[in-house]
Every structure is written in structure tokens, then in C-alpha cells.
There are 2 protein chains.
Amino acid sequence: MPEPIYRAIADDLRRQIETGELRPGQQLRTEIELRDHYEASRNTIRDAIKLLITRGLVETRPGQGTFVVETIVPFVTTLSGDPQTASGAEGDTTYTDEVIARLRVPRHTPPEVGIHQAGSPVPATGELRLPEGTPIVSRHQQRYIDDIPWSLQTSFYPMSLIEGGATRLLRAGDIPEGTVAYLREKVGLKQAGYRDTIIVRAPDNVETAFFKLPEDGRISIIETRRTAFDEQGTPIRLTVSVYPADRNQFAVNFGEVPAEVADPPSAAASKQDAGSDASADAEQELST
Amino acid sequence: MPEPIYRAIADDLRRQIETGELRPGQQLRTEIELRDHYEASRNTIRDAIKLLITRGLVETRPGQGTFVVETIVPFVTTLSGDPQTASGAEGDTTYTDEVIARLRVPRHTPPEVGIHQAGSPVPATGELRLPEGTPIVSRHQQRYIDDIPWSLQTSFYPMSLIEGGATRLLRAGDIPEGTVAYLREKVGLKQAGYRDTIIVRAPDNVETAFFKLPEDGRISIIETRRTAFDEQGTPIRLTVSVYPADRNQFAVNFGEVPAEVADPPSAAASKQDAGSDASADAEQELST
DNA sequence: GCAAATTTGTTCGTATGTATT
DNA sequence: CAATACATACGAACAAATTTG
């Protein structure tokens with residue numbers, strides 16, 4: 001048997017989808033009809049459909065049927081733009097402004113504050129380069145767009161920042177001007193640069209529940225880790241954000257990029273200047 | 001039945017893996033033994049294992065057994081660093097140097113050249129903003145590290161660049177100094193900036209075969225699209241690269257980032273200066 | 001609002017094929 | 001070659017979700 005039957009059936013259905021014979025949103029024939037059509041057992045048909053589900057081509061709805069997926073309009077997170085602006089030297093637009101400009105309604109929970117000790121269970125220990133046992137403050141938020149769960153975000157700060165006067169970090173609740181501006185004004189701490197790492201991995205149980213992902217784990221999670229540094233190169237913050245891969249994409253701008261490209265094409269309304277200051281928004285977004 | 005049996009079994013096995021009761025590389029009990037242990041049918045055990053496979057926790061080897069996955073050492077692609085350098089104004093280190101410095105052995109096929117007409121089947125049409133029917137040159141490469149398939153990359157250029165004198169773009173084969181430098185010297189075209197977009201999606205058949213991915217499509221593909229612009233804001237190149245998500249991650253540096261962080265921690269050898277010029281390598285890498 | 005029909009989801013049993021040791 | 005272990009395929013029954021009459 002060179003090619004398993006279930007895979008041959010999946011290939012045939014995939015071809016129909018890719019050629020447009022089956023259009024997005026359209027219902028496939030039922031498992032029983034497909035069983036008769038392909039002269040295979042229902043279980044074999046179901047194996048073929050499972051393969052198409054994993055590849056993101058179809059979805060099943062119990063009691064209804066199997067449907068060709070309709071593409072979600074992705075939300076674009078700009079990780080950067082003009083690095084000077086993104087470094088937190090200026091920039092007064094906020095993440096919320098950015099999202100509104102794209103005709104979407106953002107919302108986020110007030111940060112929950114936690115206190116940890118540097119060590120293996122705290123995911124920030126390596127990045128913040130703190131010795132074992134050093135206190136670390138975490139600020140955690142859930143973020144929504146159009147009431148759809150969009151991202152989970154946790155920032156970690158060395159407790160020494162609070163001892164230096166940035167006491168609001170310890171209080172649960174928003175810091176409207178953003179923590180980058182707050183730390184600059186309160187402690188004189190200037191964010192000189194940052195490094196983002198981007199990985200793709202399977203969701204854990206918390207993420208599956210929050211994002212309402214299918215239980216079979218076929219949707220990946222994109223995790224960004226932003227380590228921010230002051231002018232001495234000391235890490236001052238780690239922000240870990242997770243996004244479901246099915247409704248998010250990321251963008252990075254460098255040098256001179258035309259405004260109409262740097263500013264996503266979704267909603268061209270508002271924002272006269274645009275240009276490369278979208279970075280400030282993303283920075284705002286990434287500093288809980 | 002609140003929770004299906006196969007999911008309860010998967011949860012139990014996942015717990016054992018996460019608590020270290022089952023260590024990476026360790027073999028699970030066979031399906032028959034698990035069937036007896038959980039008092040379920042072998043098919044139900046297999047459903048549970050399928051779920052763990054999708055979540056990337058275990059892998060099966062026919063004739064051998066089921067094993068807890070061992071983490072792959074990921075290859076880190078730096079999308080940026082110092083934007084001035086990355087813009088192609090200077091930088092003489094190459095992608096190959098970068099990889100060698102990390103004690104890995106890179107290899108890539110000579111570019112295959114193709115000629116297309118702007119229009120819906122050519123994926124560069126939108127980004128290059130060319131009218132329907134305009135000729136486009138593509139250069140496609142397969143790239144390996146340590147003989148493992150690492151990425152597929154295709155760059156698209158407007159044919160007008162060749163007519164302006166950059167004839168080597170049409171010849172299959174390497175352009176050792178990189179196309180950014182070549183275009184600057186030959187046509188006086190300066191790359192003033194670029195925009196990267198990053199999306200995660202399911203693999204297609206070509207990618208599944210090249211990367212030797214499991215046929216069930218559980219490993220996602222990370223696709224980066226880099227649109228480069230000249231000083232007038234005209235798009236001059238689109239480079240599309242695809243990477244399997246199970247062995248790749250990405251990094252972006254902004255502003256001042258300490259050298260020991262900006263330079264990946266894998267192989268600390270060689271490279272005295274390091275700093276933020278790793279960007280030039282990535283840029284080189286991304287210009288076929 | 002309820003019952004029936006439809007459709008997918010879960011679980012079992014069984015048989016045979018393929019890969020590895 | 002034999003034994004072991006996973007892969008494919010079939011058939012059957014009942015459960016759960018949804019729509020329809």
C-alpha cells in the first residue's frame with residue numbers, strides 16, 4: 001500500500017479546497033456520504049478529515065457538519081519601527097490608540113501583581129540575571145480585542161526597582177503612562193534597548209482554556225520574550241507575551257519604510273503622520 | 001461523561017512527563033501495556049497518544065515504541081540589530097560566518113532562477129506593487145545546517161533591475177558578496193529600509209517533504225516575508241523564507257543590547273566584537 | 001417547547017500491514 | 001526468520017450537539 005487510503009482521500013479533498021471547488025465556509029459532504037463516495041469506512045473518512053483539521057483546512061461542528069475554514073482577519077503586532085522612539089525616549093500614542101485606529105475594540109484586565117524569588121520555577125530568572133533568591137515582581141494581564149482573547153502577558157521586574165522608588169509597580173492596576181515612562185520619571189531609569197525572541201510552541205492547559213483553543217492542541221502558541229536593558233546593559237524587565245498563532249502575525253520595520261506599508265493596510269483611517277512611530281505603541285503594549 | 005477517557009489518559013501521561021516521572025528520551029509503556037494499565041481499548045490509548053503527539057510531547061517509532069521527545073537545540077535567526085548596518089550600508093560578515101561561529105555547518109543550494117509575470121499566482125505581486133503582467137525574477141534556494149533541512153527561501157526582484165544592469169540576478173548561482181551589495185555597486189541602488197512580517201501556518205506538501213516533517217502536519221511553518229525599499233520608498237525585493245517551527249526561533253534587537261545577549265549563547269567562541277552587527281548576517285542571509 | 005432527525009464524537013473489537021530488533 | 005510494536009482499516013454501537021418539524 002504505497003499511500004494510505006485516508007491520506008489519499010485527504011489529498012483529494014485538499015485539492016478540491018485549493019482549486020476552489022470547495023469554497024471557504026462551504027460544508028463538505030457528511031461522513032456517511034463521503035464513506036459511500038470513497039467506498040471506505042467511516043473511520044477512515046474521519047482519519048482523512050482529522051488530517052485536514054490539523055493542516056488548518058477544515059473544521060468540524062458537532063451536529064452540523066464539516067466546513068472549509070474561513071480565514072480570520074489577523075491582528076498585526078508591530079515589534080518595532082524607529083528604534084529611537086521604541087527605546088522609550090518619547091512617543092505619546094498608546095497601544096489602545098493603535099488598536100482603535102484599526103477599528104477594533106481593545107480591552108485588558110488590570111494587572112495582577114505577584115512576588116517571586118529568582119530560581120528555576122520563575123521564568124524570568126535567566127534573562128534578568130539575578131542571583132538565586134533575589135525578589136522579582138511580576139505583573140500579569142489578559143488582553144482582548146473585540147472581546148476575543150488576544151494575548152496573555154506577564155512582565156517581570158527586579159524588586160530593586162521598587163526599593164528605588166517605583167512603588168506603583170507593586171500595586172495592582174494600570175500605570176496609564178506606561179511603565180517605561182513611569183520608570184524613567186520616577187527612578188530615572190532609561191530603557192536603552194531591548195531584545196525580542198520569538199518562538200512557536202504547543203499551548204499549555206491555561207492557554208488552551210483562555211484562548212478557547214481546540215482541545216487537540218493543533219493551534220500553536222507564539223511566545224515573545226522582550227528583555228529590556230538600561231544604558232549600562234543591565235536587564236531591567238522581561239515581558240513574556242503569548243498569542244494564538246491562528247489570529248496573530250508580527251511585523252518588524254527597519255530603516256526607512258513607506259508609511260502606507262509600515263502602518264498596516266487594514267484600516268487606513270485616522271493617523272495622519274503614521275510613519276514609523278507605530279513602534280511606540282507596540283512598546284507601550286509590551287510594557288505591562 | 002465529563003471528560004473523554006482518551007483525554008484523561010493523555011492528561012495523566014502529560015503530568016508524568018511534566019513532573020519528570022517520564023524523562024526526555026525515555027520510552028513509554030507499549031500500547032498494549034497501557035491498555036491493560038488504564039483498562040481501555042488499544043484504540044483509546046492510541047487516541048491519547050495522538051493528542052500528546054500533536055502537543056509535541058511524545059513521538060512514536062514504528063517497531064520500537066513511544067518516546068518522550070528530546071528538545072532540539074534551536075537555531076536562532078536574528079532578524080535585526082543595528083538598523084544602519086542591517087540596511088546594507090556596510091557589514092562584511094556573511095550568513096555563513098555567522099553559522100560557523102556557532103559551530104554548525106551551513107550549506108545551501110545554488111539559487112534557481114525563475115521568471116514570472118506579476119499576477120495572482122506570483123506571491124510577490126502585492127508587496128512589490130507592480131502592475132499586472134510586469135516581469136518578476138525569482139531566486140530560490142534550499143538551505144541546510146549540519147545537513148538538516150533548515151529553510152526554503154525565494155527572493156523576488158522586479159525585472160527592471162536587470163534591465164538597469166544587474167544581469168547577474170538572472171544567472172543561476174551564488175552572488176558571493178550578497179545581492180544587497182551587488183545591487184548597490186552595479187545599479188547604485190541603496191536599500192534604505194525593510195519590513196519583515198512573521199506568520200505561522202500549516203506546512204504544504206512541498207515543505208512537508210523537504211523538511212521531512214511528519215505527514216500529519218502537526219509541525220507548523222514559520223514564514224517570514226521581508227520587503228526591502230530603496231530611498232524613494234519603492235519596493236526593490238521581496239524575500240520569503242520558511243522554517244519549520246520545531247527547530248527555529250527568531251530574535252530582534254533594538255537600541256543598545258549587551259553583546260553577550262545579542263550574540264546567541266550557544267557557542268561563545270570566536271567573534272570578539274560581536275555587538276549588534278549580527279544583523280548584517282541575517283540581512284545577508286535573507287538576500288538570496 | 002419538545003421530539004425526531006441529522007451529524008459529528010467517543011469507544012470498543014478485530015484483522016492485517018509495516019518497521020525494527 | 002521470529003518477535004515486538006506501531007500503523008492502517010474495517011465494522012459497530014452509543015453519546016452529544018444541533019437543526020428541523
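Chain A is the first sequence line, chain B the second, and so forth, proteins listed ahead of strands; every chain is numbered from 1. Just so you know, these numbers use all the heavy atoms, side chains as well, and skip hydrogens, waters and symmetry mates.
Contact between the side-chain N/O atoms of A:Thr44 and the OP1/OP2 oxygens of D:dC10 is found at a separation under 4.0 Å. Close to C:dG9, at under 4.0 Å from its OP1 or OP2, lies a side-chain N or O of A:Thr60. The side chain of B:Arg46 places no N or O atom within less than 4.0 Å of a non-bridging phosphate oxygen (OP1 or OP2) of C:dT11.
The nearest whole Å value for the distance from the CD1 atom in A:Ile49 to the C1' atom in C:dG9 is 12 Å. The CD atom of A:Gln27 sits 14 Å away from the C1' atom of D:dA17 (whole-angstrom rounding). Taking atom CD of residue A:Glu39 and atom P of nucleotide D:dC10, one finds them 11 Å apart after rounding to whole Å. Remark: C1' of D:dC10 and CG of A:Leu34 are 17 Å apart, rounded to the nearest angstrom. A straight line from CD1 of A:Ile32 to C1' of C:dT7 spans 8 Å, rounded to a whole angstrom. For A:Ile45 and D:dT8, the CD1 to P distance is 15 Å, given to the nearest whole Å. Rounded to whole Å, atom P of D:dC6 lies 9 Å from atom CG of B:Leu28. Taking atom CG of B:Asp47 as the reference point, atom P of C:dT10 lies 8 Å away to the nearest angstrom.
Nearest-nucleotide assignment on DNA chain D puts the 5′-proximal partner with A:Tyr6, out of A:Arg61 and A:Tyr6. Along DNA chain D, the nucleotide closest to A:Pro62 and the one closest to B:Gly63 are compared, and the more 5′ of them pairs with B:Gly63.
When each of B:Arg15, B:Arg14, B:Gln16 is paired with B:Glu18, the side chain to side chain donor-acceptor pair (under 3.5 Å) condition holds for B:Arg14 and for no other. Between B:Phe210 and the choices B:Tyr243, B:Trp150, B:Tyr144, the ring-ring contact (aromatic ring centres under 6.0 Å, His included) rule is met once, by B:Tyr144.
Among the atoms of the strands shown, none is found under 4.0 Å from any heavy atom of B:Arg35.
Side-chain proximity of B:Ile5 to D:dT8, C:dC12, D:dA7: nearest is C:dC12. Comparing C:dG9, C:dT10, C:dA15 by their closest approach to the side chain of B:Arg42 singles out C:dA15. Checked against C:dG9, D:dC10, D:dA5, the side chain of B:Thr30 finds its nearest nucleotide in D:dA5.
Side-chain atoms of B:Asp12 and B:Tyr38 form a donor-acceptor pair, as typed in the model, at a separation below 3.5 Å. Of the N and O atoms on the side chains of B:Glu112 and B:His140, not one donor lies less than 3.5 Å from an acceptor on the other residue.
Both tests pass for A:Arg61 against the ring of A:Phe67: distance under 6.0 Å to the centre and angle within 45° of the axis.
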